[in-house]
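Worksheet: the structure to be examined is printed underneath.
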Amino acid sequence: SIFEGTSRTYSAAVGEEQAKALTSDGNFYRTLWHEVGHYLGVDRTKDGRDLDEALQDNSNTLEEMKADLVSLFVAEALRKQGYYTDDQLRSLYASGILRVLQNNRPRRDQPYNTMQLMQWNFYLENGLLSFDPATKTLRISYDKYHDVVGKMLAKTLEVQYQGDKAASDQFIDQYAKWDDNLHGVIAANIRAQQKYRFRLFKYAALGE
């Protein structure tokens, strides 16, 4: 099934024991609250400009990342209200990690992949994730989850609110770095578990 394939991919990155936390519920709720997240937060810069106008090609990258982070940040409050069980919260958090993993180095013009890599690196920098070179897998520190996500969300909202294109470039460039000895190793693990690969061929003779 699709979820079984997803589970194998996740297990390749974080190991079999940690991968047990991931369920289809986690992916569903993360996606649901991602969409809600688009309606929350900054919609115009501090001087009243539209975000697309102010941030140009960076606007979509930051907006999609904001929505991702909102879905994870509100989870703790929703658990306290009884919306999630403990297992559902853990699964949603697991889905948040699955979301950021890349099986290839993204291009700068790929907003989704770029913002996912940014999260991955921010989580590593702030201790939510760590890389174990012995097992070649990532370790998740769930006790740091809410605070680290909140920190990145606050930074993202501030960049959107300020509407400074150069500052948004700097933010993205800072966290969109790729290390073959870390990201590359995880990516290779993931690719080894993927049964099917997508390739798009273009033919010069057809003017493509």
### Query
Where the side chain of D50 meets the backbone of D52, is there a donor-acceptor pair that is under 3.5 Å apart?
yes
### Message
If you compare all heavy atoms of N104 against all heavy atoms of A187, which two are closest, and at what distance to 0.1 Å?
### Response
N-CB, 4.2 Å
### Query
Backbone N or O of S130 within a donor-acceptor pair of the R139 side chain at under 3.5 Å?
no
### Task
Begin from the C-alpha positions of D169 and K165 and carry the test salt bridge (Lys or Arg N to Asp or Glu O under 4.0 Å) through to its verdict.
CA-CA 6 Å; D169 282 332; K165 174 61 162 58; 3.1 Å; yes
### Test side chain to side chain contact (heavy atoms under 4.5 Å, CB included) applied to K144 and N126, step by step
CA-CA 8 Å; K144 298 183 178 181; N126 288 273; over 6 Å; no
### Message
Once rounded to the nearest 0.5 Å, what's the spacing between atom NE2 of H34 and atom CZ of R30?
### Response
8.0 Å
### Message
Nearest 0.5 angstrom please: M118 CE to I172 CD1, how far?
### Response
5.5 Å
### Query
Given L182 and W120, is the side chain to side chain contact (heavy atoms under 4.5 Å, CB included) satisfied, shown in steps?
CA-CA 11 Å; L182 193 161; W120 188 355; 4.3 Å; yes
### Message
Any salt bridge linking K20 with E16? Criterion: basic side-chain nitrogen under 4.0 Å from a carboxylate oxygen.
### Response
no
### Task
Give the minimum heavy-atom separation between Q88 and Y83, together with the two atoms involved.
OE1-O, 3.9 Å
### Query
For the side chain of Q18 and the backbone of L138, is there at least one donor-acceptor N/O pair under 3.5 Å apart?
yes
### Query
Are side-chain heavy atoms of L153 and K66 found at a separation under 4.5 Å?
yes
### Task
Give a yes or no answer on whether the side chain of R105 reaches the backbone of W178 with a donor-acceptor pair at less than 3.5 Å.
no
### Task
State whether the side chain of D25 and the backbone N or O of S91 hold a donor-acceptor pair below 3.5 Å, judged by distance alone.
no
### Query
Can you name the nearest heavy-atom pair linking L101 to A13, along with the distance?
CD1-CB, 3.4 Å
### Task
With the side chain counted from C-beta on, respond yes when H38 and E35 share a heavy-atom pair under 4.5 Å apart, and no when they do not.
yes
### Query
How long is the gap from CD on Q162 to CG on L157, to the nearest 0.5 Å?
11.5 Å
### Side-chain heavy atoms of L124 within contact of H183, under 4.5 Å
yes
### Query
Do you see a donor-acceptor pair shorter than 3.5 Å between the side chains of N189 and K136?
no
### Query
Does F131 reach the side chain of N181, with side-chain heavy atoms less than 4.5 Å apart?
no
### Message
If you compare all heavy atoms of R90 against all heavy atoms of A21, which two are closest, and at what distance to 0.1 Å?
### Response
CG-CB, 3.6 Å
### Query
Would you say the side chains of D132 and T137 form a donor-acceptor pair under 3.5 Å?
no
### Query
Between the side chains of D87 and T85, does any donor sit under 3.5 Å from an acceptor?
no
### Task
With M115 as reference, evaluate E63, E64, Q110 under the side chain to side chain contact (heavy atoms under 4.5 Å, CB included) test and give the passing residue.
E64
## Note on the structure
Note: V14 and A19 closest approach over all heavy atoms is CG2-N, 3.8 Å
### Query
Hey, are Y123 and Q119 close enough side-chain-wise for a donor-acceptor pair under 3.5 Å?
yes
### Task
Give the C-alpha distance, both sets of side-chain angles, the deciding distance and a yes or no for side chain to side chain contact (heavy atoms under 4.5 Å, CB included) between D179 and V185.
CA-CA 9 Å; D179 180 353; V185 170; over 6 Å; no
### Query
Could you state the interatomic distance from CD (Q102) to CD1 (I190), rounded to the nearest 0.5 Å?
8.0 Å
### Heavy-atom pair with the smallest gap, counting every atom of P106 and T114
CB-N, 4.2 Å
### Message
When you compare the side chain of Y145 with that of I97, does any pair of heavy atoms fall below 4.5 Å?
### Response
yes
### Task
Rounded to the nearest 0.5 Å, what's the gap from CG on L128 to CZ on F122? Could you check?
10.0 Å
### Query
Considering only heavy atoms from C-beta outward, does the side chain of L92 approach that of L72 to under 4.5 Å?
yes
### Query
Taking the side chain from S11 and the backbone from S7, do they hold a donor-acceptor pair closer than 3.5 Å?
no
### Task
Any chance you could lay out the side chain to side chain contact (heavy atoms under 4.5 Å, CB included) test for F73 and M152, step after step, and finish with the verdict?
CA-CA 10 Å; F73 182 72; M152 190 173 200; over 6 Å; no
### Heavy-atom check, side chain of D57 versus side chain of D109, under 4.5 Å
no
### Query
With a 4.5 Å limit on heavy-atom distance, are the side chains of L117 and Y175 in contact?
no
### Task
Check whether any side-chain N or O of K177 sits under 3.5 Å from a backbone N or O of D173 as a donor-acceptor pair, and report yes or no.
yes
### Message
Quick check on Q170: does its CD atom have over 12 non-hydrogen neighbours (other residues, nucleotides or ligands) under 6.0 Å away?
### Response
no
### Message
Measuring from atom OH of Y142 to atom OH of Y93, what distance do you get when rounded to the nearest 0.5 angstrom?
### Response
10.0 Å
